[in-house]
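So the structure is just underneath, and the comments pick up after that.
Naming convention: chains lettered A, B, ... in sequence-line order (proteins, then strands); numbering from 1 in each chain. In this text the structure is predicted, and so the values were computed from the model without any measurement.
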Amino acid sequence: MVVNEGSCPLGLWHVHVVWSGDVVMQVCFLRTPAAERAPRAFIRYCAGETDALREFRTPATDGDTVYARIYRVVQAIPAGQTRSYGEVAAMVGTSPRVVGNAMRSNPTPLVVPCHRVVAKGGIGGFSPSVDLKRALLALEGVRV
DNA sequence: TAAAAACCGCGGG
DNA sequence: CCCGCGGTTTTTA
């Protein structure tokens, strides 16, 4: 199994991707680019084609752990829409804090669009920066 | 190891 | 502002 690594620019950040075929193992945001390029679909996403990442799978959604169920629910949120931590929690049968925990340790942001999960009365948190969360939502035409 | 405490990207009172 | 929430991580023994 050949594993690739590459990045593409997104505003002040670079989206770093580790993938193999249509399976994305890791996504992270860094200030510096990688030597190779990320898959075409990521470049299209960054250009505003917000549905471009739906072709990918992620191991994060495998299994029947609470986190895997949360990631499946979040992956199903369409671009341009948001859900609150509490809404996701209700769908999975857990508490909002746990959804926040799962989002924080999401190994594949964008593929599992954790930026579409917001607080009921605000934007909620994001690592590495809530500004980036705002930028992603703006890219998808969401106003917060 | 195993048990306890701490930690939170929240929400409702 | 405070407290309950619950899965995970860290600490403690």
Is a donor on one side and an acceptor on the other found under 3.5 Å between the side chain of A:Tyr71 and the backbone of A:Ala102? yes
Taking A:Glu140 as the fixed residue, which of A:Arg116, A:Lys133, A:Arg134 is the one that meets the salt bridge (charged side-chain N to carboxylate O under 4.0 Å, His left out) rule? A:Arg116
Using a 4.0 Å cut-off on heavy atoms, which residues in residues 127-142 of chain A reach DNA chain B? List them by number, or say none. A:Ser127, A:Lys133
Those residues at least two apart in sequence (or on a different chain) that pass side chain to side chain donor-acceptor pair (under 3.5 Å) with A:Arg37 are none
Donor-acceptor check, side chain of A:Ser7 to backbone of A:Ala34, threshold 3.5 angstrom: yes or no? yes
Taking A:Thr108 for the side chain and A:Val27 for the main chain, is one N or O donor matched with an acceptor at less than 3.5 Å? no
Which residues in residues 65-72 of chain A have a heavy atom closer than 4.0 Å to any atom of DNA chain C? A:Val66, A:Tyr67
Find out if a path of hydrophobic residues (ILVMFWY) with successive side-chain heavy-atom gaps under 4.5 Å connects A:Val112 to A:Ile77. yes
Please confirm whether the backbone N or O of A:Ala68 pairs with a side-chain atom of A:Thr65, one donor and one acceptor, at under 3.5 Å? yes
Derivation of the salt bridge (Lys or Arg N to Asp or Glu O under 4.0 Å) call for A:Asp64 and A:Arg72: CA-CA 10 Å; A:Asp64 271 310; A:Arg72 282 196 287 273; 3.5 Å; yes
Could you give the start and end, 5' to 3', of the contact zone on DNA chain B for chain A, using atoms under 4.0 Å from its heavy atoms? B:dC8 to B:dG12
Tell me if a side-chain donor or acceptor on A:His16 pairs with a main-chain N or O of A:Gln26 at a distance below 3.5 Å. no
With a 6.0 Å cut-off (strictly less than), is the heavy-atom count around CZ of A:Arg40, excluding the residue itself, greater than 12? no
Mind listing the residues from residues 73-105 of chain A sitting with a heavy atom below 4.0 Å of DNA chain C? Number order is fine. A:Thr94, A:Ser95, A:Arg97, A:Val98, A:Asn101
Just jot down the ring pair (Phe, Tyr, Trp, His ring centres under 6.0 Å) partners of A:Phe42, sequence neighbours excluded, or say none. A:Phe56
Same cluster or not: are A:Val98 and A:Val73 linked, directly or through other Ile, Leu, Val, Met, Phe, Trp or Tyr residues, by side-chain heavy atoms under 4.5 angstrom apart? yes
Passes side-chain contact (heavy atoms from CB on, under 4.5 Å), A:His115 versus A:Leu137? Steps please. CA-CA 7 Å; A:His115 60 281; A:Leu137 291 172; 4.0 Å; yes
Any residue meeting side chain to side chain donor-acceptor pair (under 3.5 Å) with A:Arg57, in chain and number order, not counting sequence neighbours: none
Treat each ILVMFWY residue as a node, draw an edge where side-chain heavy atoms are under 4.5 Å apart, and state whether A:Leu110 and A:Leu12 are in one component. yes
Residue set satisfying ring pair (Phe, Tyr, Trp, His ring centres under 6.0 Å) with A:Tyr67, at least two apart, ordered chain then number -> none
Please tell me whether A:Val17 and A:Leu139 are part of a single hydrophobic cluster in this structure, the criterion being side-chain heavy atoms less than 4.5 Å apart. yes
Ring-plane angle category for A:Phe29 and A:Trp13, please: parallel below 30°, perpendicular beyond 60°, tilted otherwise. perpendicular
Within residues 106-114 of chain A, the residues having a heavy atom closer than 4.0 Å to DNA chain C are none
Linking I/L/V/M/F/W/Y whenever any side-chain heavy atoms sit under 4.5 Å apart, do A:Val18 and A:Val111 land together? no
What are the bounds, 5' to 3', of the part of DNA chain C that sits under 4.0 Å from heavy atoms of chain A? C:dG4 to C:dT8
Going by side chain to side chain donor-acceptor pair (under 3.5 Å), name the residues that satisfy it together with A:Gln81, two or more places apart in sequence or in a different chain. A:Arg83
As a test of your reading of the structure, name each stem of DNA chain B as range with range, where a stem is three or more consecutive Watson-Crick or G-U pairs at under 3.5 Å. B:1-8 with C:6-13, B:10-13 with C:1-4
